A.B. asks: 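Here it is, the structure, as structure tokens.
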Amino acid sequence: MSEIILALPVVFPIVGGLAMLVHRPGEGIVRWNRSRALLTAGLVLLNSFLVAAILAGGVDGERRLVVFKLYSSLTVMFKLDRMGGLFAGMVAFLWPLATLYAFEYMEHEERRNTFFAFYLMTYGVTVGIALAGTLVTLYLFYEMLTFVTLPLVMFPLTTEAVRASRAYLYYSIGGAAFAFIGLVFVLGFSSIETSEFVAGGMLDLARAGQSRNTLLLVYVLAFFGFGVKAAVFPLYRWLPKAAVAPTPVTALLHAVAVVKSGAFAILRLTYFSFGISFLRGSWAQWVVMCATLVTILFGSTMAVKEVHWKRRLAYSTVSNLSYILFGATLMSPFGLAAGLSHMVAHAFMKISAFFCAGAVMHKSGKTYIYQLDGMGKKMPVTFGCLTAASLSLMGIPLFAGFISKWNLAQAAFECGGLMGEVGGGAGGVGRWLPYAGVAVILLSALLTGIYMMTVLVRAYFPKIGEIASEKKEENREGTDAHGADDKVTDPTWKMLVPLVVFTVVILVIGVNPAPLMECLMKIGGEVGV
């Protein structure tokens, strides 16, 4: 009975959010009172405490809770292992800070009760993905995530928001269909009766070997199916459109909940379902690796071209998510550890960058890059935090992003050397594709420097006057690119505290990555060679 605690941080926020929807205080700004805000904060903090209590009990993979069996091996089960614990812990750390930020950002919005109800439910569903012990459970909560985040994307109820939510729904449903194909075949060829995740893979290799090419094709389809939420090219289009949602939503979509759940699902699919012993050296490995490299370059290039600040960060997310997936496609213990290191680093880097953009929008209404001239002096703390996040995204030493990119490059060289020894397969592609990945990472780092430094240079070294082409862009987009108001300042502590905490974490990981890497190497060591 003690294992019931595994279900509490999943069920608790979902029930709490549903209760908020049922018991509405009335919509409008006035109706959202202090007591309801305190209740929301208390629910979020209590849920993070529950996750912390679970992690404190150990992450040896022996703790599991079977909720019910659907049929035969279709089991809904929660299980705590190291990788799930890492994701759950990261979510539990970020969510209270994101909620604090949202309190100020949403203070002038109507329908806040609805917003925070779905915000709370999303927390529970994301923890459900982290603690999923079977592929069935993962798929179930993966689908639930679409439906609890859809109202958040649609929240502004503008034409753009409705279109964005429609695109998000269509892409997610299509991706779910391909992911379901993977679920069926994995369970059909599984050697585990309960369909429980196993480090190294669930497949019965003797049976799977007889249908090898079919299963490899299924893996590719499932990779792209789960890859919809991870914005793999060409399935990325929903993500930049979702930038119309409020910043607390886009930050969680792009940094924590949705996109990281997609990447996490692919890691589960690769290392704990199919298994790298079955996939490594196959044509399927090189197909998905090529997809990640194309996505990295495409996202970085589109970010350089984009002039809308949040959409630029969205394209940056498209690129950076495939850093994680590139680590996954290296299909080695160190590749898994490297991918996870970027998952952690990117979560803090990107949520900080989005929150900085949101703070500027909240205080000044500025949404385009060319409107940011001189804002660095008016909002010094905000842009100081943005500077740290930007340098980290670029991969500058002493910041978290450098550590994760260094790990990915090392893992790529290790993979290339191993494939060279065994011949590489697929026409020898395996001998050079991991090395090409290193070149892509370096080129993407250069492009990242361009699209992030452009913002900082504008903010700290403003141009005198406006360029004619920028005025035309302003008129075309229908925006008011007025000069910075002298009254614009940094936001209050509710927004600044999360930004400062994220910046500290980025620096701590960059300066002392050993504790994190020790944990990640243990996760990598579990999946075998």
Side-chain angles (χ1 to χ4, degrees), residues 230-233 236 263 285-306 312-332 334-350 353 387-420 424 428-457 506 509-511 513 516-517 520:
V232 177
F233 183 88
Y236 69 93
Q285 179 181 8
W286 313 128
V287 168
V288 295
M289 187 180 294
C290 283
T292 65
L293 298 182
V294 169
T295 307
I296 290 172
L297 278 182
F298 174 80
S300 297
T301 303
M302 292 298 293
V304 171
K305 295 171 56 180
E306 182 59 60
R312 174 174 289 192
L313 292 175
Y315 280 116
S316 173
T317 299
V318 171
S319 177
N320 275 269
L321 286 171
S322 279
Y323 279 76
I324 304 170
L325 301 186
F326 174 65
T329 61
L330 293 173
M331 297 186 185
S332 67
F334 192 27
L336 174 59
L340 289 172
S341 69
H342 196 71
M343 185 177 79
V344 174
H346 180 258
F348 288 96
M349 297 184 295
K350 189 53 60 70
T387 300
S390 300
L391 294 176
S392 188
L393 281 166
M394 292 160 55
I396 302 299
L398 302 184
F399 293 90
F402 170 78
I403 300 301
S404 61
K405 292 183 180 182
W406 178 267
N407 290 333
L408 287 168
Q410 279 191 307
F413 279 116
E414 178 187 90
C415 178
L418 179 61
M419 290 298 103
V429 174
R431 299 181 182 182
W432 58 265
L433 193 56
Y435 299 123
V438 177
V440 168
I441 289 174
L442 292 174
L443 179 56
S444 177
L446 174 61
L447 295 173
T448 303
I450 294 173
Y451 67 71
M452 294 305 295
M453 289 304 296
T454 301
V455 176
L456 296 178
V457 169
I506 290 169
I509 294 176
V511 174
L516 174 63
M517 289 309 303
L520 300 183

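Everything quoted here is computed from the prediction, not taken from an experiment.
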A.B. asks: Look up atom CH2 in Trp286 and atom CH2 in Trp432, then write down how far apart they are to the nearest 0.5 Å.
C.D. replies: 10.0 Å
A.B. asks: Apply ring-ring contact (aromatic ring centres under 6.0 Å, His included) to Phe334 and list each qualifying residue two or more places apart in sequence or on a separate chain.
C.D. replies: none
A.B. asks: Look up atom CG in Leu408 and atom SG in Cys415, then write down how far apart they are to the nearest 0.5 Å.
C.D. replies: 12.0 Å
A.B. asks: Give the minimum heavy-atom separation between Leu330 and Ala412, together with the two atoms involved.
C.D. replies: CD1-N, 3.6 Å
A.B. asks: Just by modelled atom types, is the Gly401 backbone N or O under 3.5 Å from a matching donor or acceptor in the Ser392 side chain?
C.D. replies: yes
A.B. asks: Is there side-chain contact between Leu340 and Met517, with at least one heavy-atom pair below 4.5 Å?
C.D. replies: no
A.B. asks: About how many Å separate CG of Asn407 and OG of Ser341, when rounded to the nearest 0.5 Å?
C.D. replies: 4.0 Å
A.B. asks: Kindly indicate whether the side chain of Leu321, heavy atoms from C-beta on, has any atom under 4.5 Å from the side chain of Thr295.
C.D. replies: no
A.B. asks: Take Ser404 and Tyr323, measure what side-chain contact (heavy atoms from CB on, under 4.5 Å) needs, and give me the verdict at the end.
C.D. replies: CA-CA 9 Å; Ser404 61; Tyr323 279 76; over 6 Å; no
A.B. asks: With a 4.5 Å heavy-atom cut-off, do Lys405 and Met394 have their side chains touching?
C.D. replies: no
A.B. asks: Go through the structure and list residues passing ring-ring contact (aromatic ring centres under 6.0 Å, His included) with Tyr236, not counting sequence neighbours.
C.D. replies: Phe233, Phe298
A.B. asks: Could you tell me the separation between the CG atom of Leu443 and the CD1 atom of Ile296, rounded to the nearest 0.5 Å?
C.D. replies: 10.5 Å
A.B. asks: Looking only at heavy atoms, which two atoms of Ala389 and Ala353 are closest? And how far apart?
C.D. replies: CB-N, 4.3 Å
A.B. asks: Can you see which heavy atom on Val304 is nearest to which on Leu447, and at what distance?
C.D. replies: CG2-O, 3.7 Å
A.B. asks: For the residue pair Phe326 and Val440, establish whether any side-chain heavy-atom pair is separated by less than 4.5 Å.
C.D. replies: no
A.B. asks: Would a 4.5 Å heavy-atom cut-off, applied to side chains only, mark Leu313 and Glu306 as touching?
C.D. replies: no
A.B. asks: For a quick test of reading the model, state the closest non-hydrogen atom pair linking Ala303 to Ser316 and the distance between them.
C.D. replies: CB-N, 4.1 Å
A.B. asks: Got a second to check how far Thr301's OG1 is from Ile450's CD1, nearest 0.5 Å?
C.D. replies: 9.5 Å
A.B. asks: At their closest point, which heavy atom of Ala436 faces which heavy atom of Leu293, and how far apart are they?
C.D. replies: C-CD1, 4.5 Å
A.B. asks: State the OH-NZ distance between Tyr315 and Lys305, to the nearest 0.5 angstrom.
C.D. replies: 8.5 Å
A.B. asks: Mind listing the closest non-hydrogen atom pair of Thr329 and Met289 along with its distance?
C.D. replies: O-CE, 3.3 Å
A.B. asks: With side chains defined as the heavy atoms from C-beta onward, is the minimum distance between Ser390 and Val455 less than 4.5 Å?
C.D. replies: no
